[in-house]
K.L.:
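Structure below; questions to follow.
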Amino acid sequence: MVEEDGSPDLTFAPKQGLFSLHPLVLSMIVSMADHCRFKGGSVKLDGLVLNSSTRYLERMGLFKLMEQETGLPVVEHDPAGRFIPLTRITNNQELTKFVTDFVPLLHATPTEADSVKYVLYELIRNVLEHAGAVDRGAIAAAQVTSTGRLLIGVADSGIGVCKSLSRSHPVTDHKSAIELAFQPGVTGTTARFGGNETNGGAGLFFMKAMSTLARHHMVMVTGDQMMKLLTQPKHKNGSTPAIKSKLEDDRVRWREMPFMYSGTAVGVDITVKETLAFSDLLKEIREVYHVNVRKSTRQRNKARFV
């Protein structure tokens, strides 16, 4: 729980007892600590106790990136295939390394892995584009061993989606900015639908499509808004969920944040299933993407009469 007291300082007080935190939450805590120090505030821990939950936080690198010494005893194990600790992504080389390290978590065929790598790469690039700050934020991933579900979280303390998109698109508030950010072909780098040679505005849309088809959640936080993509219901006829080009047509839940979150945060759960042909999946995603880009371009170029 986050409490806003008007102070420029940040105090992290972990819940007493055992608990678990999604990589999204871990990434957001790091970005909030970064923002606090950037604004001249101080960061501290309060009420830290030794148990398996706090050792997990230590192993995930949370306290290290918060620049807090805990002295918690942790037995170092090779994380390959189980999790990726909180990592800073400041350039393409670090992004490539993270995506490469992510592959063992998939336990998938090379074809499936290539598809997920492509979507993950686009997602992270898309989120970092909205940051406006390359050294404030982090990304992490973990696997739920009982189900094979992969948990991914990426967050920054930059300028946020609304300010990022407003450079090229008309946005009025954080909610409308989130809706626009998920629209295929929209990027803050250009007003042209379909993006440019370095950013096609596809990352958020692609990952939303994967979450929709796998019937998992996806969350985005920026400014005073949190959007949660709800799981798709299963139909008796076994039909797959439809990919929607606009977020407003999806099953989503909005929540007003109890504080203003500076930056952008995205969390997503995915599962690589043998029954899900990722080549067909990407084909369907790209088809919806290109249809929407062409439609949006025609609407933009349509003659306006006054």
Side-chain angles (χ1 to χ4, degrees), residues 10 12-15 18-37 43-45 48-108 113 116-117 119-121 123-125 127-128 131 133-158 207 219 221 263-272:
L10 175 70
F12 177 51
K15 177 183 176 182
L18 301 180
F19 57 88
S20 62
L21 295 178
H22 192 286
L24 167 64
V25 179
L26 300 180
S27 300
M28 289 181 68
I29 294 173
V30 170
S31 71
M32 292 170 66
D34 290 341
H35 182 69
C36 173
R37 285 191 294 268
V43 178
K44 67 177 182 178
L45 300 175
L48 188 67
V49 297
L50 174 61
N51 57 34
S52 59
S53 296
T54 53
R55 283 198 298 266
Y56 171 74
L57 300 184
E58 179 75 31
R59 186 66 187 90
M60 288 294 288
L62 176 64
F63 303 127
K64 178 181 178 181
L65 291 193
M66 291 180 68
E67 299 181 4
Q68 300 294 303
E69 291 290 340
T70 66
L72 291 177
V74 174
V75 178
E76 298 288 340
H77 295 291
D78 183 6
R82 296 182 297 119
F83 65 92
I84 301 178
L86 286 157
T87 306
R88 300 230 188 245
I89 305 293
T90 60
N91 53 52
N92 283 333
Q93 289 75 24
E94 293 173 348
L95 173 55
T96 299
K97 184 180 185 306
F98 178 88
V99 174
T100 301
D101 292 343
F102 183 80
V103 172
L105 295 177
L106 296 172
H107 301 288
V116 178
K117 283 167 56 179
V119 174
L120 182 62
Y121 193 89
L123 168 70
I124 300 172
R125 275 165 45 102
V127 172
L128 295 181
V134 298
D135 57 350
R136 303 203 306 273
I139 183 170
Q143 182 191 62
V144 180
T145 55
S146 60
T147 62
R149 178 179 297 194
L150 303 179
L151 315 178
I152 306 167
V154 55
D156 68 76
S157 60
M207 191 58 81
V219 173
V221 179
T264 306
V266 173
V268 63
D269 297 358
I270 62 173
T271 302
V272 179

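These numbers were taken from a predicted model, which means no experiment stands behind them. Keep in mind that the numbers below use all heavy atoms, side chains included, and drop hydrogens, waters and symmetry copies.
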K.L.:
Are any of the side-chain heavy atoms of Leu10 and His35 separated by less than 4.5 Å?
P.N.:
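Sidechains of His35 and Leu10: no contact.
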
K.L.:
Apply side chain to side chain contact (heavy atoms under 4.5 Å, CB included) to the pair Arg88 and Leu65, showing each step before the final yes or no.
P.N.:
CA-CA 9 Å; Arg88 300 230 188 245; Leu65 291 193; 4.1 Å; yes

K.L.:
Atom CD1 in Ile152, atom CD in Gln143: separation rounded to 0.5 Å?
P.N.:
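Going from CD1 on Ile152 over to CD on Gln143, the span is 11.5 Å.
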
K.L.:
Please tell me if the side chains of Met60 and Leu21 come closer than 4.5 Å, counting only heavy atoms from C-beta onward.
P.N.:
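Result no, sub-4.5 Å side-chain heavy-atom pair not found.
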
K.L.:
Identify the heavy atoms of Val43 and Arg37 that sit nearest to each other, and give their distance.
P.N.:
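Result for this residue pair: CG2-NH1, 3.8 Å.
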
K.L.:
Starting at CZ of Arg149, measure out to CG of Asp269 and round the result to the nearest 0.5 Å.
P.N.:
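Arg149 CZ to Asp269 CG: 5.0 Å, rounded to 0.5 Å.
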
K.L.:
Would you kindly say whether Thr54 and Asn51 are connected by a side-chain donor-acceptor distance under 3.5 Å?
P.N.:
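Yes, because at least one side-chain N or O of Thr54 sits under 3.5 Å from a partner of the opposite role on Asn51.
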
K.L.:
With side chain to side chain contact (heavy atoms under 4.5 Å, CB included) as the criterion, how do Asn92 and Tyr121 come out once you've worked through the C-alpha distance, each side chain's angles and the decisive distance to 0.1 Å?
P.N.:
CA-CA 10 Å; Asn92 283 333; Tyr121 193 89; 3.8 Å; yes

K.L.:
Is any side-chain heavy atom of Leu86 closer than 4.5 Å to a side-chain heavy atom of Ser27?
P.N.:
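Yes, their side chains come closer than 4.5 Å.
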
K.L.:
Determine whether Ile270 and Met207 make a side-chain contact, defined as any pair of heavy atoms from C-beta on separated by less than 4.5 Å.
P.N.:
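Yes, close enough: below the 4.5 Å cut-off.
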
K.L.:
Considering all heavy atoms of both residues, which atom of Gly137 and which atom of Ser31 are nearest to each other, and what is their separation?
P.N.:
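Looks like CA-CB, 4.2 Å.
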
K.L.:
Just how far is it from atom CG of Leu26 to atom OG of Ser20, taken to the nearest 0.5 Å?
P.N.:
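So the CG of Leu26 and the OG of Ser20 are separated by 10.0 Å.
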
K.L.:
Could you report the tightest heavy-atom contact between Tyr56 and Ala142, atom names first, then the distance?
P.N.:
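Shortest heavy-atom contact: OH-CB, 4.0 Å.
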
K.L.:
State, with a plain yes or no, whether a side-chain heavy atom of Leu50 is found less than 4.5 Å away from one of Pro73.
P.N.:
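Result yes, sub-4.5 Å side-chain heavy-atom pair found.
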
K.L.:
Hey, could you give me the CG/CZ distance between Leu120 and Phe102, rounded to the nearest 0.5 Å?
P.N.:
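Atom-to-atom, Leu120:CG and Phe102:CZ are 5.5 Å apart.
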
K.L.:
If you compare all heavy atoms of Ser53 against all heavy atoms of Leu18, which two are closest, and at what distance to 0.1 Å?
P.N.:
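Taking Ser53 first and Leu18 second, the nearest heavy atoms are OG-CA, 3.3 Å.
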
K.L.:
CE/Met66 to CE/Met32 distance, rounded to the nearest 0.5 angstrom?
P.N.:
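Atom-to-atom, Met66:CE and Met32:CE are 9.0 Å apart.
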
K.L.:
Is Glu94 close to Thr87 at the side-chain level, that is, under 4.5 Å between some pair of heavy atoms?
P.N.:
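Thr87 vs Glu94: side chains apart.
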
K.L.:
Using side chain to side chain contact (heavy atoms under 4.5 Å, CB included) as the criterion, list what pairs up with Val219, not counting sequence neighbours.
P.N.:
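Here the qualifying residues are Leu24, Val221, Met226, Lys228.
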
K.L.:
Any chance you could measure Leu151, atom CG, to Phe83, atom CZ, to the nearest 0.5 Å?
P.N.:
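The CZ atom of Phe83 is 13.0 Å from CG of Leu151, to the nearest 0.5 Å.
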
K.L.:
Is the shortest side-chain heavy-atom distance between Phe12 and Leu57 below 4.5 Å?
P.N.:
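Yes. Closest side-chain heavy atoms under 4.5 Å.
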
K.L.:
Ignoring hydrogens and angles, tell me if any N or O in the side chain of Asp156 forms a donor-acceptor pair with the backbone of Gly263 under 3.5 Å.
P.N.:
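Such a contact is absent between Asp156 side chain and Gly263 backbone.
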
K.L.:
Any idea which heavy atoms bring Leu45 and Leu48 closest together, and the distance?
P.N.:
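Smallest interatomic distance, heavy atoms only, reads CD1-CD2, 4.0 Å.
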
